[in-house]
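Working notes, beginning with the structure itself.
Nothing fancy with the numbering, it's 1 onward along the sequence. Because the structure is predicted, anything quoted here is derived from the model rather than measured. FYI, side chains are in, hydrogens and waters are out, and symmetry mates aren't considered; it's all heavy atoms of this structure.
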Amino acid sequence: ELSKIWRKRSFLLAMCVLLLIHLFLLWYTTLPNEETPPLSTYHQLQTELAGKSEAEKEQYIVGLKETIDGVCFVQNILSMQSFNNEMGSTLAQQELQSHPGVFEKYYELYQSGDYLRFTDSPEREQAFIEEIYGEQQKVSGYGEYLRSIQENKDALSGISIFGGQSGDTYSSRNLQKSAADYAGLNDSNIRFTPSKGLTSAMQSIWIDLLLVLGMMLFVGNLITEEKEKRLFFITRSTKHGVLHSMVAKLATLLIHCTLLTALFYTVSILFFGISVGWFDPGASLQSIAAYTESSLSVSILGYILLSVLTKALVLFGIGAVLTVFCIGSGIAVLPFLAGAGIIGVS
């Protein structure tokens with residue numbers, strides 16, 4: 001079942017086209033604009049952070065934030081003074097009095113332009129550093145976040161509308177469950193890594209759509225040829241033909257969906273690893289700011305494997321339904337319309 005499809009040149013060509021489209025979308029959807037810096041910016045930051053401890057990473061990123069805030073302050077003051085009116089001068093004077101010494105500290109740096117360490121414009125530089133600073137602060141506060149969950153459980157469970165007299169209300173059970181979900185987590189294996197690479201690699205809707213297209217092409221090839229040659233009439237007439245054929249086709253579909261999903265996400269991870277920088281696969285998932293609220297006690301690598309397996313099984317489920325439509329349908333286009341309908345409903 002596998003060889004008769006994978007050896008088809010037309011099918012292999014279609015898979016290559018989908019893979020090329022995947023690579024093109026990875027490149028095209030990450031092109032920089034006025035607000036989004038290029039991927040090389042994140043790679044440069046990853047290089048700067050390499051080898052630093054978590055305390056050193058925090059100190060470094062906090063320093064970047066203080067510098068860009070000071071430069072932006074100078075820029076704002078000069079902008080107010082450029083109005084050449086009483087209101088602009090008054091506002092500038094008020095800001096200078098509210099932040100003594102800041103203008104003098106960062107004026108020369110602003111004039112020289114040396115504060116642009118990662119991008120080529122003040123707006124991009126500020127947006128990038130604020131993004132990284134927000135992520136780093138969220139990750140560094142993970143231990144406090146875990147403690148707050150347990151403290152909130154103890155505090156809220158004593159309030160009647162949450163805990164109730166019997167302690168068996170929905171709110172009470174929800175508080176207990178949430179606290180239990182996070183009870184086994186800690187911040188011992190937290191190693192801050194910018195979210196850009198992993199989230200971009202694992203949360204792309206384009207990959208999901210291309211995987212569905214690849215699955216639909218496989219199912220079409222799996223069923224169409226036998227229907228055209230009327231081989232189903234032969235398999236149905238034999239003693240074990242129906243069962244063995246069904247098991248073989250579903251097993252083939254599962255293998256294809258698993259390998260196809262693994263291939264597309266491997267390409268995606270390699271692309272962002274080379275473009276953005278590599279992450280520590282053994283670090284806790286919560287080292288990525290986008291996943292700090294997750295209650296999964298897994299590493300980043302474990303999360304990737306779990307995600308790929310889950311997506312492959314979901315893809316197989318849709319493919320199994322589509323296979324049933326293909327076998328029972330007398331109209332060639334109907335199964336693909338059914339597949340599109342399943343995706344649309346999803």
Side-chain angles (χ1 to χ4, degrees), residues 26 29-72 115-149 182 185-205 268-269 271-304 306-307:
L26 287 176
T29 56
T30 55
L31 290 176
N33 53 40
E34 294 181 357
E35 298 179 356
T36 305
L39 296 181
S40 58
T41 301
Y42 296 90
H43 194 283
Q44 182 181 349
L45 176 68
Q46 290 274 63
T47 303
E48 294 285 344
L49 296 178
K52 287 183 168 60
S53 65
E54 295 307 301
E56 290 172 338
K57 290 179 183 178
E58 181 175 8
Q59 183 180 5
Y60 176 77
I61 295 174
V62 169
L64 292 176
K65 181 67 165 59
E66 291 177 351
T67 299
I68 196 65
D69 286 345
V71 168
C72 290
Y115 64 92
L116 296 176
R117 303 184 60 178
F118 301 99
T119 65
D120 56 0
S121 71
E123 293 76 18
R124 277 186 182 177
E125 189 81 8
Q126 183 181 18
F128 173 70
I129 292 178
E130 286 183 350
E131 174 191 342
I132 298 302
Y133 176 78
E135 290 184 357
Q136 192 281 325
Q137 290 296 296
K138 190 173 183 179
V139 171
S140 65
Y142 182 65
E144 183 61 31
Y145 171 73
L146 292 177
R147 287 189 291 272
S148 69
I149 292 175
Y182 290 91
L185 300 177
N186 57 69
D187 59 350
S188 61
N189 197 30
I190 297 296
R191 302 164 200 167
F192 170 70
T193 302
S195 299
K196 181 67 175 181
L198 186 63
T199 55
S200 299
M202 301 303 297
Q203 298 182 2
S204 172
I205 190 175
S268 184
I269 290 172
F271 175 84
F272 284 103
I274 295 172
S275 303
V276 175
W278 299 101
F279 50 81
D280 184 350
S284 295
L285 174 61
Q286 291 76 13
S287 299
I288 307 295
Y291 304 108
T292 51
E293 296 179 3
S294 171
S295 60
L296 288 175
S297 181
V298 295
S299 65
I300 295 177
L301 178 60
Y303 163 75
I304 293 174
L306 185 62
S307 295

Residue set satisfying ring-ring contact (aromatic ring centres under 6.0 Å, His included) with F128, at least two apart, ordered chain then number -> Y42, F118
Test side-chain contact (heavy atoms from CB on, under 4.5 Å) applied to I274 - qualifying residues, sequence neighbours left out:
W278
Considering residues at least two apart in sequence or located in another chain, which fulfil the side chain to side chain donor-acceptor pair (under 3.5 Å) criterion with E293?
none
Residue pairs passing the ring pair (Phe, Tyr, Trp, His ring centres under 6.0 Å) test with at least one member in residues 52-72, sequence neighbours excluded, are none
Closest non-hydrogen atoms of S268 and S200, given as atom of the first, atom of the second and distance, are OG-O, 4.4 Å
Separation between OG1 of T193 and CG of L198, rounded to the nearest 0.5 Å
9.0 Å
For D120, all residues meeting side-chain contact (heavy atoms from CB on, under 4.5 Å), sequence neighbours excluded
R124
When rounded to the nearest 0.5 angstrom, what is the spacing between OG in S287 and CG in N189?
6.5 Å
Holding to side chain to side chain donor-acceptor pair (under 3.5 Å), I want the full list of residues that pass it with E125, two or more places apart in sequence or in another chain.
T119
Does D280 have any side-chain contact (heavy atoms from CB on, under 4.5 Å) partners at least two apart in sequence or in another chain, and if so, which?
R191, A283
In this structure, CD1 of I129 is separated from CG of L64 (nearest 0.5 Å) by 5.0 Å
Applying ring-ring contact (aromatic ring centres under 6.0 Å, His included), can you list everything that pairs with Y115, at least two apart in sequence or on another chain?
none
Of all residues at least two apart in sequence or in a different chain, which pass the side chain to side chain donor-acceptor pair (under 3.5 Å) check with Q46?
none
Please give me the minimum heavy-atom distance between L116 and P122, naming the atom from each residue.
CD2-N, 3.8 Å
Set of residues satisfying ring-ring contact (aromatic ring centres under 6.0 Å, His included) with respect to Y303, sequence neighbours excluded
Y291
Which residues share a salt bridge (Lys or Arg N to Asp or Glu O under 4.0 Å) with K57, sequence neighbours left out:
E54
Tell me whether E135 is salt-bridged to K138, with the criterion being a basic N under 4.0 Å from an acidic carboxylate O.
no
Residues, nucleotides or ligands: over 12 heavy atoms within 6.0 Å of I205 CD1
no
Just how far is it from atom CG of L39 to atom NZ of K196, taken to the nearest 0.5 Å?
6.0 Å
Partner set under side chain to side chain donor-acceptor pair (under 3.5 Å) for Q137, not counting sequence neighbours:
none
Return the CD1 to OG distance between I190 and S284, rounded to the nearest 0.5 Å.
4.5 Å
When rounded to the nearest 0.5 angstrom, what distance separates NZ in K52 from CD in Q59?
9.5 Å
